J.: 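Here it is: the structure, laid out below.
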2 protein chains.
Amino acid sequence: MMNLSTVKAAASGQRRSLALDRRETGGGAPGLAIRFAQDAQIYGDGDENGSFYKVVAGVVRTCKFRIGGRRQIDAFHLPGEFFGFDAGDRHSLSAEAVCDCAVVSYRWRAFKSDGEIDDRLAAQFFFHAMQNLRRAQDHALLLGHYSAAQKVAAFLIDMASRASFDEFIDLAMARHDIADYLGLTMETVSRTLSNLERAAIIARPTTRRIRITNEQALRRISS
Amino acid sequence: MMNLSTVKAAASGQRRSLALDRRETGGGAPGLAIRFAQDAQIYGDGDENGSFYKVVAGVVRTCKFRIGGRRQIDAFHLPGEFFGFDAGDRHSLSAEAVCDCAVVSYRWRAFKSDGEIDDRLAAQFFFHAMQNLRRAQDHALLLGHYSAAQKVAAFLIDMASRASFDEFIDLAMARHDIADYLGLTMETVSRTLSNLERAAIIARPTTRRIRITNEQALRRISS
DNA sequence: CGTGTAGTTGAGATGCGTCAATAGTTGTGG
DNA sequence: CCACAACTATTGACGCATCTCAACTACACG
């Protein structure tokens with residue numbers, strides 16, 4: 001049985017280390033593993049909202065397209081993170097593979113067979129939905145009135161904190177993706193990164209690999 | 001008992017017309033009614049995340065303050081809407097009364113007394129949390145790369161669709177609030193409204209009352 | 001009637017977008 | 001291994017939308 005205290009525990013960040021896959025749920029709530037090639041669409045804006053997903057490998061972007069070809073990226077989802085929690089019976093965003101990636105999908109329907117559900121599962125997906133809510137709020141804050149430098153600095157700090165390695169950040173996404181995420185143009189992102197490198201705050205071994213050499217300065221800029 | 005199908009039903013927008021108050025829950029999950037004067041704080045960023053809320057009368061803003069006095073408004077909450085769903089054990093935003101208003105608070109703890117919960121209640125608050133997620137996503141989209149005119153037009157359309165009257169919109173919030181919500185300055189909001197009035201798309205009987213006289217044009221601008 | 005707050009309007013400064021050219025990177029095929 | 005093409009990223013010049021600073025107006029309230 002699920003009860004509200006478990007949901008609240010999840011909402012409160014008292015995350016239990018559970019994994020929503022067949023192994024750990026004893027076969028009761030299986031997830032279906034799927035692979036997607038770079039730029040493949042996982043689901044589209046308006047598609048039936050039948051599943052939510054967990055990133056196993058690679059990076060996924062959830063985004064919306066506007067008339068005029070403009071695109072706003074809502075979020076990047078890294079390995080271990082969940083996405084696809086949309087209100088309504090249709091997805092309100094599209095999800096695409098930023099690079100080749102593997103995800104596990106969980107059909108909502110799969111949980112309701114006999115009307116009862118392990119409260120650990122319910123708590124877990126609620127936790128992830130709330131996590132996404134928080135990210136969306138932070139993102140809106142960022143897009144509000146931050147300068148280009150602040151946006152890029154905050155983005156780098158965020159990616160560094162979510163990445164597995166501390167040494168450097170390997171950006172799976174193109175400059176264009178970063179720009180659409182930050183509400184900037186590709187050119188401005190590129191210029192800003194160049195400025196940061198010139199100021200010796202970051203180093204760029206390759207175009208998509210970034211090492212933060214002066215974290216304090218970066219944090220100062222992002223605030 | 002709560003089960004996932006009910007949660008999913010809520011997530012899918014199959015909203016049941018329930019009210020989370022004492023009357024309709026038979027006293028099992030009471031909400032506490034509270035009044036707040038204009039600009040009073042309902043909870044602060046960092047406060048213990050012990051309750052969520054429903055607006056009964058007035059308008060509530062959830063926002064975040066930045067060093068330098070800058071403020072980003074995350075959302076306005078109108079009568080009937082819920083707010084205060086924050087991930088973590090602390091609120092990540094502040095909530096303030098835009099005007100004198102009345103809210104009902106629901107303590108998370110109040111639901112867990114005997115470990116069981118009416119599934120209608122769980123489904124309902126999950127629905128509202130997802131609703132807030134969607135609003136945050138739309139807001140981020142808006143802040144992304146919309147022009148000032150598009151932002152203001154979209155704001156007016158949104159407020160009109162959420163307001164109870166069709167005749168006109170009574171804005172409870174100051175220009176400054178609108179600006180902080182749209183990521184603009186007060187001056188730009190004011191100028192944009194003046195432009196819309198000059199173009200005969202809106203009329204302003206008083207400064208805070210707006211009548212949309214050419215909805216089609218407004219929608220065209222907002223897209 | 002005076003004072004304070006909210007809103008409007010104007011003029012100038014500037015940060016970012018746009019357009020355009022250049023450079024670097026990746027992949028393919030000879 | 002090199003040559004070429006296609007794509008991705010960087011850099012530059014310029015224009016414009018919005019911010020900033022400032023003056024003025026409207027309105028509410030004592």
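In the text below, chain A, chain B and the rest are named by the order of the sequence lines, each starting its count at 1. Note that this is a predicted model, so its numbers are computed, not measured.
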J.: What is the distance from CE of A/M173 to C1' of D/dA9, rounded to the nearest Å?
T.: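 Rounded to the whole Å, the gap is 16 Å.
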J.: From D/dC19, C/dT8, D/dA9, pick the nucleotide closest to the side chain of B/R175?
T.: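 Among the listed nucleotides, the one closest to the side chain of B/R175 is C/dT8.
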J.: Less than 4.0 angstrom between a side-chain N/O of A/R208 and OP1 or OP2 of D/dT8, yes or no?
T.: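 For D/dT8, OP1/OP2 do not have a side-chain N/O of A/R208 under 4.0 Å.
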J.: Would you please classify the geometry between the A/H139 ring and the A/Y181 ring as parallel, tilted or perpendicular, with 30° and 60° separating the classes?
T.: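 A/Y181 and A/H139: parallel rings.
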J.: Could you give the CZ-to-P distance, from B/R209 to D/dC27, as a whole number of Å?
T.: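 It works out to 14 Å between those atoms.
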J.: Check B/L182 against B/L142 and note the closest heavy-atom contact, atom names and distance.
T.: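 Looking at all heavy atoms of both residues, the shortest contact is CD2-CD2, 3.6 Å.
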J.: If you measure from the Lys or Arg side-chain nitrogens to the Asp or Glu carboxylate oxygens, is any gap between A/R219 and A/E215 under 4.0 Å?
T.: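 Looking at A/E215 together with A/R219, the answer is yes, because their closest N to O distance falls below 4.0 Å.
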J.: Look at the side-chain N and O atoms of A/R204 and state whether any lies under 4.0 Å from the OP1 or OP2 oxygen of D/dT10.
T.: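 Yes, within the criterion.
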J.: With a 4.0 Å cut-off, would you call B/D86 and B/R90 a salt bridge?
T.: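 Judged by the 4.0 Å cut-off on N to carboxylate O distance, B/D86 and B/R90 do not form a salt bridge.
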J.: Look at the side chain of B/S190 and decide which nucleotide, out of D/dA9, D/dT11, C/dG7, has an atom nearest to it.
T.: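 Out of D/dA9, D/dT11, C/dG7, the nucleotide with an atom closest to B/S190's side chain is C/dG7.
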J.: May I ask you to verify whether the side chain of A/R191 and the base of C/dG15 hold a donor-acceptor pair under 3.5 Å?
T.: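 In this structure, the two groups form no donor-acceptor pair.
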J.: Rounded to whole angstroms, how far apart are OH on A/Y146 and P on C/dC16?
T.: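 That distance rounds to 14 Å.
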J.: Using whole Å, report how far CG of A/D177 lies from P of D/dA9.
T.: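 Answer to the nearest Å: 9 Å.
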J.: Which part of the nucleic acid, if any, lies within reach of A/R70 when heavy atoms closer than 4.0 Å are counted: base, sugar-phosphate only, or nothing?
T.: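 A/R70: backbone/sugar contact only, no base atoms under 4.0 Å.
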J.: Return the value, rounded to whole Å, for the distance between atom CD of B/E187 and atom P of C/dT14.
T.: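 The distance from CD of B/E187 to P of C/dT14 comes to 17 Å, rounded to the nearest Å.
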J.: Quickly work out the B/Q150 CD to D/dA17 P distance and round it to whole Å.
T.: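 That distance rounds to 12 Å.
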J.: What's the NZ-P distance between B/K151 and D/dT18, to the nearest Å?
T.: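 B/K151 atom NZ is separated from D/dT18 atom P by 8 Å.
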J.: Remember a base hit wins even if backbone is also touched, and classify A/L184 as base, sugar-phosphate or nothing at under 4.0 Å, heavy atoms.
T.: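 It contacts sugar-phosphate atoms only.
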J.: Closer to the 5' end of DNA chain D via nearest nucleotide, is it A/H145 or A/H176?
T.: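 It is A/H176, whose closest nucleotide lies nearer the 5' terminus.
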J.: With sugar-phosphate meaning primed atoms plus P, OP1 and OP2, does B/S194 contact a base, only sugar-phosphate, or nothing at under 4.0 Å between heavy atoms?
T.: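 Sugar-phosphate: the residue B/S194, judged by heavy atoms under 4.0 Å, touches backbone atoms but no base.
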J.: In whole angstrom, give the distance that lies between atom CD of A/E197 and atom P of D/dA9.
T.: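 Roughly 15 Å, once rounded to whole Å.
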J.: May I ask you to say what A/S147 touches in the nucleic acid, namely base, sugar-phosphate or nothing, with a heavy-atom cut-off under 4.0 Å?
T.: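 The residue A/S147 makes sugar-phosphate contact but no base contact.
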J.: Check the phosphate of D/dC19 against B/T185, side-chain N and O only, distance under 4.0 Å to OP1 or OP2. Yes or no?
T.: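 Indeed, a polar side-chain atom of B/T185 lies that close.
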J.: Give a yes/no verdict on a cation-pi contact between B/R135 and B/F83, requiring under 6.0 Å between NZ or CZ and the six-membered ring centre and an angle within 45° of the axis.
T.: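 Here B/R135 fails the 6.0 Å and 45° test against B/F83.
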